[in-house]
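Working notes for the structure below.
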Amino acid sequence: MSAVRIAPSILSADFSKLGEEVAMMERAGADWIHVDVMDGRFVPNLTFGAKVIETVRKRTALPLDVHLMVVEPERYFDDFVAAGASGLTIHSEVSPHLHRQLSRIRELGATAGVAINPSTPLSAVEEVLDVLDLLLVMSVNPGFGGQQFIRGSVDKITRARRMLNDAGSRAVLEVDGGINRDTIAECWRAGADTFVAGNAVFSAKDPAAEIAALRAQCAHKA
Ligand code: DX5
Ligand code: ZN
């Protein structure tokens, strides 16, 4: 059985003390740090660039899982990997040359991920499974933290797990949006192994206890 990874999203951090928040999440037991890059075009919000990735990189040894919610994501590959990104995840909806783009991410030495919006079918990634290290199933419409989990995502995760297994793919299956104590277990049972959590961990009084609680929810397959 695959390991459970919890990836706190710094979108919900207190930016006035970003470095401390990242270090705190590492001490709290996070497996990865999730960095949400938004361009105000693919999604209606603006966030970080390479400088922030570099800042986060200095404060943690954990893998940096960079989620690119931007059009023309290839414009940022080199800079973001140089800044310390461990993995780059691009959206299929704005990546017409997925195979080339994923191959390029791998060439740079990072893990190559594809994210799909709630309305995007799994078939969007079917032809690139051979160059895919991570599939990110969005369980909210991207753009903001603290949104409500979309229920239909569970069935999609089940189908995604089947698709990866059938293809013999060892890609990580990640879910992002509205993950908390009430939603994580069903995603785990459906076959996800990596869970982004923004609001749930950053708004918790005790983030370490919250991460442990999220992980504990995944302890058993039904
Ligand atoms: C949404 C982002 C998420 C977000 C998750 O567009 O991709 O990573 O930060 O936040 P929560 O866990 O609060 O839904
Ligand atoms: Zn994200």
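Residues take their numbers from the sequence shown, with the count starting at 1.
Residues Ser12 and Asn199 approach most closely at OG-N, 3.2 Å, considering heavy atoms. Nearest approach of Gly143 to Met69, heavy atoms of both residues: N-SD, 4.3 Å. Minimum interatomic distance between Arg215 and Val4 (heavy atoms only, all atoms of both residues): NH1-O, 3.1 Å. Taking every heavy atom of both residues into account, Ile150 and Ser153 meet most closely at O-OG, 2.6 Å. Arg106 and Leu132 get closest at one heavy-atom pair: NH2-N, 3.8 Å. Here the closest non-hydrogen pair linking Pro73 and Ser95 is CG-OG, 3.8 Å.
Hydrophobic clustering places Leu62 together with Phe202 (ILVMFWY residues linked when any side-chain heavy atoms are closer than 4.5 Å, directly or through intermediates). Both Val70 and Ile116 are assigned to one and the same hydrophobic cluster, defined by single-linkage of ILVMFWY side chains at heavy-atom distances under 4.5 Å. In terms of hydrophobic clustering, with Ile, Leu, Val, Met, Phe, Trp and Tyr side chains grouped at heavy-atom distances under 4.5 Å, Leu68 and Val56 are assigned to a common cluster. Taken together through direct or relayed side-chain contacts under 4.5 Å among Ile, Leu, Val, Met, Phe, Trp and Tyr, Phe42 and Val66 form parts of separate hydrophobic clusters. Cluster membership for Leu108 and Val128, using ILVMFWY side-chain heavy atoms within less than 4.5 angstrom, is shared.
Using modelled atom types, no side-chain atom of Ser169 and backbone atom of Leu129 make a donor-acceptor pair closer than 3.5 Å. Listed for the Lys156 side chain is a donor-acceptor partner under 3.5 Å among the backbone atoms of Pro118. Listed for the Asn180 side chain is a donor-acceptor partner under 3.5 Å among the backbone atoms of Thr183. The main-chain N or O of Arg5 is never found under 3.5 Å from a side-chain atom of Thr194 such that the two would form a donor-acceptor pair. Checking side-chain atoms of Glu93 against main-chain N and O of Asn117 turns up a donor-acceptor pair under 3.5 Å.
Identified under the ring pair (Phe, Tyr, Trp, His ring centres under 6.0 Å) test for residues 56-76, with sequence neighbours left out: His34-His67, His67-His91, Tyr76-Phe80. Contacts classified as ring pair (Phe, Tyr, Trp, His ring centres under 6.0 Å) and involving residues 3-28 (residues at least two apart or in different chains) are given here: Phe15-Phe48. Within the structure, every pair that satisfies the side chain to side chain donor-acceptor pair (under 3.5 Å) test and touches residues 141-152, not counting sequence neighbours, is listed here: Arg151-Glu186.
Using a 4.5 Å heavy-atom threshold, the side chains of Ile184 and Gln217 count as touching. Counting heavy atoms from C-beta on, the side chains of Glu174 and Asp65 come closer than 4.5 Å.
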- Query: Given the rule in the side-chain contact (heavy atoms from CB on, under 4.5 Å) test, do Val35 and Ile53 qualify, once you have shown the distances and angles that lead to the verdict?
  - Reply: CA-CA 8 Å; Val35 182; Ile53 295 173; 4.2 Å; yes
- Task: Test Thr60 against Glu26 for side-chain contact (heavy atoms from CB on, under 4.5 Å), laying out the working first.
- Result: CA-CA 7 Å; Thr60 180; Glu26 179 167 356; 2.5 Å; yes
- Check the pair Val114, Thr89 against side-chain contact (heavy atoms from CB on, under 4.5 Å), reporting the backbone distance first and the verdict last. CA-CA 5 Å; Val114 175; Thr89 298; 5.6 Å; no
- Message: What verdict does the side-chain contact (heavy atoms from CB on, under 4.5 Å) test give for Arg170 and Leu164, after you've listed the backbone C-alpha separation in whole Å, the side-chain angles of each residue and the deciding distance to 0.1 Å?
- Response: CA-CA 7 Å; Arg170 298 173 62 91; Leu164 294 175; over 6 Å; no
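Legend: residues meeting salt bridge (Lys or Arg N to Asp or Glu O under 4.0 Å) with Asp155, ordered by chain and number and at least two apart, are Arg159. Under the side-chain contact (heavy atoms from CB on, under 4.5 Å) criterion, Thr158 pairs with Arg162, Ala190, not counting sequence neighbours.
The hydrophobic cluster around Leu136 extends to Trp32, Leu134, Met138, Val140, Val172, counting ILVMFWY residues whose side-chain heavy atoms fall within less than 4.5 Å of a member.
Note that the CD1 atom of Ile105 and the CD1 atom of Ile90 stand 4.5 Å from one another [nearest 0.5 Å]. Atom CZ of residue Phe195 and atom CD1 of residue Ile6 lie 6.5 Å apart, to the nearest 0.5 angstrom. Once rounded to the nearest 0.5 Å, the distance linking CD of Glu127 with NE2 of His99 reads 10.0 Å. A distance of 9.5 Å separates CG of Asp39 from CD of Glu72, quoted to the nearest 0.5 Å. The CD1 atom of Ile10 sits 5.0 Å away from atom CG of Leu18, with the distance rounded to the nearest 0.5 Å. Note that CG of Leu88 is 11.0 Å distant from CZ of Arg104, once rounded to the nearest 0.5 Å.
The pair Asp166-Arg161 does not meet the salt-bridge criterion, since no charged nitrogen lies less than 4.0 angstrom from a carboxylate oxygen. For Arg57 and Glu54, the salt-bridge test fails: no basic side-chain N is under 4.0 Å from an acidic carboxylate O. A salt bridge is defined here as a Lys NZ or Arg NE, NH1 or NH2 lying under 4.0 Å from an Asp or Glu carboxylate O, and Arg181 with Glu210 meets this definition.
For the residue pair Asp36 and Thr47, no side-chain donor N or O sits within less than 3.5 Å of a side-chain acceptor on the partner. Of the N and O atoms on the side chains of Ser16 and Asp14, at least one donor lies less than 3.5 Å from an acceptor on the other residue.
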